[in-house]
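Data block below; observations after.
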2 protein chains.
Amino acid sequence: MDSSINLRVMSANRSGSSSQNLKECYCCGMSESLDRQRMACWRAYIESSQRLFTQLEDDLRADSELTFADYHVLVLLSEAPGQRLRMGELASRLVFSPSRLTYQITTMQKRGLVAREACPVDRRGSEAVLTAAGLLALREAAPHHLRSVRTHLMDDLDDTEVACLTRVFERLGRRLRADRDASATPSE
Amino acid sequence: MDSSINLRVMSANRSGSSSQNLKECYCCGMSESLDRQRMACWRAYIESSQRLFTQLEDDLRADSELTFADYHVLVLLSEAPGQRLRMGELASRLVFSPSRLTYQITTMQKRGLVAREACPVDRRGSEAVLTAAGLLALREAAPHHLRSVRTHLMDDLDDTEVACLTRVFERLGRRLRADRDASATPSE
DNA sequence: ACGAGTCCATTCGGATTTGAACAGCCGGCC
DNA sequence: GGCCGGCTGTTCAAATCCGAATGGACTCGT
């Protein structure tokens, strides 16, 4: 199973304390920065998350014509009042750069999943509107995608773990949003 | 096809909590798939992780010439025996596609951070080797990057939370690796 | 009213990423 | 030996993404 990984780590350790020190110094250890537990946690989090995201992307592509980004856009629009959202709002929730969002919406528009409309209250702005085709695509993709999320992640978590993750990541999200807002408005 | 019917049905679908039902049906809830707690957990995890990754990327760019991918490559090479790794091994650990890794190593090679050498035991393969400049770059970037990880994430977690995250994500990583191996070798 | 400063979204050029082919090499099997 | 299927890494074109620059539109103070 994962024995090759373990063996590799073992042999790396065996080759002498120097590589262990190297490991401690330049990548993960650095006792003043991150203790051993936190470093292991960080590494597991990064690798697993990366793997999970690519897996979900693959699953989604396998049984729909949507990317994860497409799906996410459709979800946010479907929840919004009037099934429409301003570009900025959408970009902020998706954690997309403005230009990326423009591109994303343009491609979805070409496929008929969303429409672009001028914002009535601010002539600079525009808003993305969910189309019937977009809603249909979301409806068809949702069960498969949710099943993916369950089988790859959620089914394996007990209620305690879910509570812990929720607490940690909601706190993290709040802090990161606050940091971003603060750096955007340094006058405060 | 009459797509407006769908929308009409949707908006008529309120018996007390229309937008809540909408939310439940098409994006996240779907009680048979994910209960409310798990959906909130999933959403917080996705958004916060995205935000965290972009934040770390920005920080890294701000005080070094490295990308997160660059940094990760350097870390893995610095830990490997002989400061060298086969392309496939590196790609697997980074969760990179083969072509992405080729490009990544090529750019790092142009900047002198790594070298590419022919693999002695398999003439098809090649391996990436850490250079002195690469090690130096890692040494300079590491403190800043680790500080980023601490301030944005780890300082906010108590030991219980760290333990929980570690347990969850190590388990997840094992499962996803196993899934991938299984789908690559369906004969077993 | 009017101008400076700012905000919103897009555009543009260049960098990165992907997926499908590809060339070369391995291992086993006749 | 010599061929065949599979592995390893690269290449290529197309799709995606980013950051800086842009154009038009708000908001304020005067």
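By convention in this document, chain letters (A, B, ...) are assigned in the order of the sequence lines, proteins followed by strands, and residues within each chain are numbered from 1.
Distance, B/Phe68 CZ to C/dT17 P: 13 Å, rounded to whole Å. With rounding to whole Å, B/Leu85 atom CG is found 15 Å from D/dT8 atom P. Regarding A/Arg86, its CZ atom lies at a distance of 11 Å from the C1' atom of D/dC26, rounded to whole Å. Note: CD (B/Glu89) to C1' (D/dT8) measures 13 Å, nearest angstrom. As a whole-Å value, the separation of A/Arg100 CZ from D/dA15 P is 17 Å. Between A/Gln50 atom CD and C/dT17 atom C1' there is a gap of 13 Å when expressed in whole angstrom units. A/Asp70 has its CG atom 12 Å from the C1' atom of D/dT16, to the nearest Å. Atom-to-atom, NZ of B/Lys110 to C1' of C/dT16 comes out at 12 Å; the value is rounded to the nearest Å.
Among the nucleotides D/dT10, D/dC7, C/dT11, the one closest to any side-chain atom of A/Thr102 is C/dT11. The listed nucleotides are D/dT10, C/dC25, C/dT16; the one nearest the side chain of B/Arg123 is C/dC25. Across D/dA25, D/dT16, C/dC25, the shortest atom-to-atom separation from the side chain of B/Asp122 is found for C/dC25.
With hydrogens and angles ignored, a donor-acceptor pair closer than 3.5 Å exists between the side chain of A/Ser99 and the base of D/dG19. Scanning atom types as modelled, one donor and one acceptor separated by under 3.5 angstrom connect the side chain of B/Arg124 and the base of D/dC7.
If you check residues 51-58 of chain A against DNA chain C, you find no residue with a heavy atom closer than 4.0 Å.
Geometric assessment of A/Arg100 against the ring of A/Phe96 yields a positive cation-pi assignment under the 6.0 Å and 45° thresholds.
OP1 or OP2 of D/dT16 has at least one side-chain nitrogen or oxygen of A/Tyr103 nearer than 4.0 Å. A/Arg116 has a side-chain polar atom (N or O) that falls below the 4.0 Å cut-off from OP1 or OP2 of C/dT10. Taking side-chain N and O atoms only, A/Ser126 has no distance below 4.0 Å to OP1 or OP2 of C/dA9.
A 4.5 Å side-chain heavy-atom check between A/Arg43 and A/Met39 finds at least one atom pair inside the cut-off. Side-chain atoms of A/Arg171 and A/Arg167, non-hydrogen and from C-beta on, do get closer than 4.5 Å to each other. Residues A/Thr106 and A/Arg116 have side chains in contact (heavy-atom distance under 4.5 Å, counting atoms from C-beta outward).
For the pair A/Gln104 and A/Val121, both in contact range of DNA chain D, the more 5′-proximal nearest nucleotide belongs to A/Gln104.
When hydrophobic clusters are built by joining Ile, Leu, Val, Met, Phe, Trp and Tyr residues whose side-chain heavy atoms come closer than 4.5 Å, directly or via intermediates, B/Phe53 is grouped together with B/Leu94.
Side-chain contact of B/Tyr45 with A/Thr166: a donor-acceptor pair under 3.5 Å is absent, judged by distance alone.
Within 6.0 Å of the CD atom in B/Glu117, the count of heavy atoms belonging to other residues, nucleotides or ligands exceeds 12.
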